[in-house]
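Keep in mind that what you see is a predicted model, and the values were worked out from it rather than measured. Only this structure's heavy atoms are used, side chains among them; waters, hydrogens and symmetry mates stay out. Residue numbers begin at 1 in each chain, while the letters A, B, ... track the order of the sequences.
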Amino acid sequence: MPELPEVETIRRQLRGKIVGKKLDGKKIVGVRRRAKILIIDFSDGSSLIFHLKLTGQLIFDGEPSRHTRHVFKFSDGSQLVFNDVRKFGWWKYVKSSKDIEKTFGPEALEIDLKGFKDILEKRPNAKIKPLLMDQKFIAGIGNIYSDEILFAAKVQPLRRVKTLTPEEIKVIWLNIGKILKLAIKNRGTSENTYLDAMGKKGDYLKYLKVYRKEGQKCPRCGGMVKRIKIGGRSAHFCLKCQR
DNA sequence: CAATCGTCCTGCGGGC
DNA sequence: TGCCCGCAGGACGATT
């Protein structure tokens, strides 16, 4: 499912392909990302925005299939194919993307340690995993990367914010940057249906340590990886080395 | 008021 | 082999 690294991968690939082209007569001047939203900007200030949700794909010059929801055709004959098996994703044209952009918290890759500490202080009773996935709190992290970030930080997903030590907070913050950047470098995680804008799978799957590894041995300590439900969503963590 | 639950949707895998 | 059931999940609205 497309989280920050996957959408960022698509953004970088698309930028090189479509900036300068025209869509319905409007000139494309940029391709941006905010949280998990992809934004195509036009010269008149309007934008086309996309949320890929769980199974959305945006493939440049892709071949339409039975899961294709829309094909955007550029004036030079190239096209952008929007596929979505589960139909949770959406796209819309807006006069301005400002309103939607301000509904999100700070970008996960832009917040500094002090800023991270400051926002954590506002939610002392929250469980850390759902909080990392709350887009109004911090933008871009979903189920896969929240599990992986907390594993790297050796922190259990159920830990309450107020019980975290300053050192643990720092290590969580460090790993938000480290893991998201490494995932971008690998063009994301193709755990299920995700494909990048070139129609290729991402390579981060091989780096996953706990996500969907229930019952397997922890690669760090040999302990058991467990899956639990937190607020109806699955969370994976090592029983032994995550505290 | 924050946390949880139901909802949207389809493909897949487990169980029999 | 085939069918049924349950599960997966982002985000929003409703509910507790």
Side-chain angles (χ1 to χ4, degrees), chain A residues 1-11 33-39 49-59 64-70 81-92 94 97 99-109 119-151 156-164 176 179-180 183 188-195 201-202 204-205 208 210-216 225-237:
Chain A
M1 49 197 150
E3 301 181 26
L4 184 154
E6 289 75 24
V7 181
E8 179 64 18
T9 297
I10 291 168
R11 183 191 77 81
R33 179 192 56 74
R34 176 77 169 99
K36 304 172 191 174
I37 303 261
L38 187 88
I39 306 166
I49 58 179
F50 299 83
H51 197 311
L52 302 178
K53 292 288 183 88
L54 307 179
T55 57
Q57 303 173 334
L58 274 173
I59 302 180
S65 70
R66 70 193 192 95
H67 297 306
T68 296
R69 307 298 164 200
H70 198 80
V81 177
F82 178 46
N83 299 323
D84 189 8
V85 169
R86 292 185 206 170
K87 301 179 179 176
F88 285 0
W90 52 261
W91 62 272
K92 61 182 171 183
V94 291
S97 62
D99 285 348
I100 192 156
E101 286 182 60
K102 69 186 182 193
T103 63
F104 299 112
E107 281 290 319
L109 281 179
I119 58 174
L120 282 175
E121 274 180 21
K122 294 175 185 169
R123 303 288 297 280
N125 294 310
K127 296 169 187 138
I128 186 64
K129 158 133 174 148
L131 191 58
L132 288 179
M133 293 170 61
D134 183 343
Q135 304 303 300
K136 293 181 185 64
F137 175 75
I138 183 169
I141 301 169
N143 212 25
I144 296 177
Y145 296 108
S146 58
D147 275 356
E148 295 298 312
I149 288 163
L150 291 175
F151 173 80
Q156 280 217 30
L158 286 169
R159 282 280 296 282
R160 302 275 174 178
V161 166
K162 64 185 172 191
T163 73
L164 296 172
I176 288 173
I179 287 177
L180 295 180
T189 303
S190 288
E191 192 275 326
N192 192 5
T193 58
Y194 167 74
L195 295 176
K201 290 187 174 188
Y204 196 77
L205 190 65
L208 295 184
V210 288
Y211 181 76
R212 290 271 177 107
K213 305 282 185 187
E214 183 187 14
Q216 297 183 30
V225 176
K226 180 150 175 85
R227 178 167 71 99
I228 60 171
K229 288 278 185 184
I230 305 176
R233 297 289 172 249
S234 62
H236 310 76
F237 66 102

Of the nucleotides [options], which has the atom closest to the [X] side chain?
{"X": "A:N143", "options": "C:dA11, C:dG9, B:dG11", "value": "C:dG9"}
{"X": "A:H51", "options": "C:dA8, C:dG10, B:dT10", "value": "C:dG10"}
{"X": "A:H67", "options": "C:dG9, B:dT10, B:dA3", "value": "B:dT10"}
{"X": "A:K229", "options": "C:dA11, B:dA3, C:dA8", "value": "C:dA8"}
{"X": "A:R233", "options": "C:dA11, B:dG11, B:dA3", "value": "C:dA11"}
{"X": "A:K36", "options": "B:dG11, C:dA11, C:dG9", "value": "C:dA11"}

For the residue pair A:Y194 and A:E3, confirm or rule out a side-chain donor-acceptor distance under 3.5 Å. no

Please indicate yes or no: is the ring centre of A:F88 less than 5.5 Å from the centre of the six-membered base ring of C:dA11, with the two planes inclined by under 30 degrees? no

Nearest heavy atom decides the nucleotide; on that basis, is A:T103 or A:G232 closer to the 5' end of DNA chain C? A:G232

Output the rounded distance in Å from [atom1] ([X]) to [atom2] ([N]).
{"X": "A:L54", "N": "C:dA11", "atom1": "CG", "atom2": "P", "value": "9 Å"}
{"X": "A:R86", "N": "C:dA11", "atom1": "CZ", "atom2": "C1'", "value": "15 Å"}
{"X": "A:D84", "N": "C:dA11", "atom1": "CG", "atom2": "P", "value": "13 Å"}
{"X": "A:L52", "N": "B:dC8", "atom1": "CG", "atom2": "C1'", "value": "17 Å"}
{"X": "A:Q57", "N": "B:dT10", "atom1": "CD", "atom2": "P", "value": "15 Å"}
{"X": "A:N83", "N": "B:dG11", "atom1": "CG", "atom2": "C1'", "value": "15 Å"}
{"X": "A:D134", "N": "C:dG10", "atom1": "CG", "atom2": "P", "value": "12 Å"}
{"X": "A:I228", "N": "C:dA8", "atom1": "CD1", "atom2": "P", "value": "13 Å"}

Does A:K53, at its NZ atom, have more than 12 non-hydrogen atoms belonging to other residues, nucleotides or ligands within less than 6.0 Å?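 Above 12, so yes.
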
With a 4.0 Å limit, can you tell me whether [X] has a side-chain N or O closer than that to the phosphate oxygens OP1/OP2 of [N]?
{"X": "A:Y211", "N": "C:dG9", "result": "yes"}
{"X": "A:R66", "N": "B:dG11", "result": "yes"}
{"X": "A:Q135", "N": "C:dA11", "result": "yes"}
{"X": "A:K87", "N": "B:dC8", "result": "no"}

Parallel, tilted or perpendicular: which describes the rings of A:F50 and A:F82, with under 30° parallel and over 60° perpendicular? perpendicular

May I ask you to check whether A:Y204 and A:Y211 place their ring centres under 6.0 Å from each other? no

Contact class for A:S234 (heavy atom, under 4.0 Å): base, sugar-phosphate, or nothing? sugar-phosphate

Contact class for A:Y145 vs. all strands (heavy atom < 4.0 Å): base, sugar-phosphate, or nothing?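 Nothing, no heavy atom under 4.0 Å.
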
Quick one: does A:L52's side chain get under 4.5 Å of A:L38's, heavy atoms only?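 Result no, sub-4.5 Å side-chain heavy-atom pair not found.
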
Apply side-chain contact (heavy atoms from CB on, under 4.5 Å) to residues A:V85 and A:L54 and explain how you reach the verdict. CA-CA 9 Å; A:V85 169; A:L54 307 179; over 6 Å; no

